[in-house]
Structures are given as C-alpha cells and as structure tokens.
2 protein chains.
Amino acid sequence: MKRIAIDMDEVIADALGKFIKLYNRDYSVPLDLKIEAGNEIYHHVPQEVNQKWFEYINEPGFFRDMEVIPDSQRVIKALQEKYDVYIVSAAMEFRNSLVDKYDWMAEHFPFIDWQHIMFCGNKIVEVDILIDRIKNFVGFKGRPLLFTSPHNLLITQYERVNTWEEVAGLLL
Amino acid sequence: MKRIAIDMDEVIADALGKFIKLYNRDYSVPLDLKIEAGNEIYHHVPQEVNQKWFEYINEPGFFRDMEVIPDSQRVIKALQEKYDVYIVSAAMEFRNSLVDKYDWMAEHFPFIDWQHIMFCGNKIVEVDILIDRIKNFVGFKGRPLLFTSPHNLLITQYERVNTWEEVAGLLL
C-alpha cells in the first residue's frame, strides 16, 4: 500500500480564511478579500498591521476553529481505502497550535487515528506522495502534489491540484 | 550528513522514574524499585492499581518535569556536529503530552530547533540511524540502536546501547 502525507493548513484547514476573519474583525479588511496570485495575506492588509498575522497565529485557539477545506473529508476517507494516509503538519513552529490541531483533527477527521498524525518541523517522511505547499517539497524524493493556494499560484515546476475533487480524480 | 532520529521516553527523558515517583506518592512503591528484565512498571506495583499508569500518563504535567537521562544533552550536542539530529517521539498517543514535551525540550534541549522535533504516531521517518525502543523499529530500513530500558533487556536481535556514553563511543 502506497503512503500519502497530507499537509493541514491551506490543504485541509482554511488558515487563510481564519486570517481574513481576524483582520476583518480588527481592521475591517473585507471578508471577501481575494489574495492576488503569489501574494500572502500580509500583502493585502494595512501596512501598519501587516505583521499582525504573526500574533494571530501564535494565539491559543487560532488553529482550533478553522473551516474544513471543501471535500477534503470525503476524499481522504476514500483515499484510506487505497493508501496508507498520514496527516503531516509543520506545527512545531507554533507551540500553541499543537493541542488546537490535535483537537481539530479529532473533531473533523475522527477516522484518522493517532498513529497517522504527525506534527513536525522538517518533513523527513518516508512517503510516496506528498500533498503540500512548496517549501516542504525540498529534498522530497516521491511524487509532490502542490495544493493550490493564492501564495503558490505562480509556481509551475510541480504537479498541481486545485481542489480535493482533482485529488480524487488523480489518485482514486 | 547522515540523519539520526532519537526517541524521548526512556532515551532522553526518564519516564520510568516519573512513574515510580507517582506510584511511590500514592501507593508507597519504593523509590529505588528495580524493574526486572523484560518487565514494565505495572508488573511491580499492587495488582489493584497496575493500570493506574494509564491515568498518570494522560494527566497534564506528566511529561513536563521528567529527569533528563544522564549524558544525553552533552552527547546529543556533540552528535549535532557530525549528524543531522532529530528528536522523534510517538507523543500523538497522549493529547496532554504535546505541550509538556514541547516545553520540556525547550528547557532541556534548547539547542534543538523546532525544525528538528517531531511528534508522531508511526515513525515513518527517513533517517539513517534510529535510537529507540523496539516497537518503532518495525519497518525501519536504517541502523536501529536499541537504548536499554528494563522492559527491553531480554531483546537480542538489535544492536544495543546501554548509556549515552556508549552512543558517543559508537557514533562520534
């Protein structure tokens, strides 16, 4: 059985949407803000608070109530029939994210057991397929699938998936 | 640079000592209890509380104040000169261990950055050497080094290290 590792933020959990909500609450950034291709959230908020995202992300609770990326639950459940599926998040950068991410997984992906969840820094995982963002592909020897997010829209050197429906089409 | 992954409990953190302290506090189990070869702590405590270890291990704080295994800090710091060193713990089994283990690492191993710490279930890590207990060697293709703990004393099929001094002698 081939192994797949799947990232959390911007792949199964809508971190960007959470940032927009908080910038909306505190600085009236519009909730329907569209991030331009290649940009991060901090390119689209008032300059004097464009580093505020770092405070947000370190707050307990930031990772606890994110929306689930559409279709990810259904497709990942189906993937488990054919693959050994791991969720691998570079959570170690943010101390307060650990328990939030653990609880978020238990709520939204209860069919993924603790043996298949990994919080790490560098993703030195032995897997065949990695669905992730670009920085985690460095040194990866398997098949990388770049899951589309505004910040990576200008990247062309990786096989890209725009939605979980597309992942299903490729892997199921 | 070769990669090493090092387990936490019974390898760099004295989990067994912590269990003995708690059983001593609550049930007068002697602090100098010697665990017989092949046994776990629950073989050596009153039968009516031999599953109490599972409550202890799930309590917040259990993993926070463990003693450091002798010489592990000094030897691991020296290993970092020659190897890419990761700490890889199967912490995901115990929700409340996550932040405790994170803080414990920051206190006792501040020279290991977040990129090199991993909390997981199955250890599907791509490393050359794994210093760990037996169950994590299953499927591992590199060089396993079994770090001695009472429960694994009867195991003979792996290369064994009894102390961090011995690790230094082998790898430095």
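In what follows, every chain begins at residue 1, and chains take the letters A, B, ... in the order their sequences are listed.
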| With side chains defined as the heavy atoms from C-beta onward, is the minimum distance between B/I41 and B/L33 less than 4.5 Å? | yes
| said: Tell me whether A/K21 contacts the main-chain N or O of A/L31 through its side chain, where contact means a donor paired with an acceptor under 3.5 Å. | reply: no
| request: Sequence neighbours left out, what pairs pass salt bridge (charged side-chain N to carboxylate O under 4.0 Å, His left out) with at least one residue falling in residues 32-48 of chain B? | output: none
| query | With hydrophobic residues grouped by side-chain heavy-atom distances under 4.5 Å, do A/M118 and B/L98 end up in a single group? | reply | no
| query | Can you check whether A/P46's main-chain N or O pairs, donor with acceptor, with A/Y23's side chain at less than 3.5 Å? | reply | no
| query | Under the 3.5 angstrom rule, does the side chain of A/E10 hit a backbone N or O of A/A15 as a donor-acceptor pair? | reply | yes
| said: Quick check on the structure: residues of residues 123-148 of chain B within a heavy-atom distance below 4.5 Å of chain A, by number. | reply: B/I124, B/V125, B/E126, B/V127, B/K141
| Is there any residue in residues 99-113 of chain B with a non-hydrogen atom under 4.5 Å from a non-hydrogen atom of chain A, and which ones are they? | B/V99, B/Y102, B/D103
| query | Just by distance, do the side chain of A/N152 and the backbone of A/S149 share a donor-acceptor pair under 3.5 Å? | reply | yes
| Do other residues, nucleotides or ligands put more than 12 heavy atoms under 6.0 Å from the CD atom of A/Q47? | no
| Do the side chains of A/I35 and A/L153 join up, straight or via other hydrophobic residues, at under 4.5 Å, putting them in one cluster? | no
| task | With side-chain hydrogen bond (donor to acceptor under 3.5 Å, both in side chains) as the test, would you mind laying out the steps for A/H44 and A/N39 before giving the verdict? | result | CA-CA 8 Å; A/H44 290 267; A/N39 278 1; 3.0 Å; yes
| message | Quick check against the 3.5 Å criterion: does A/N24 have a side-chain atom that pairs as donor or acceptor with the backbone of A/V29? | response | yes
| field | Residues from residues 82-95 of chain B approaching chain A under 4.5 Å (heavy atoms) | value | B/Y86, B/A90, B/M92, B/E93, B/R95
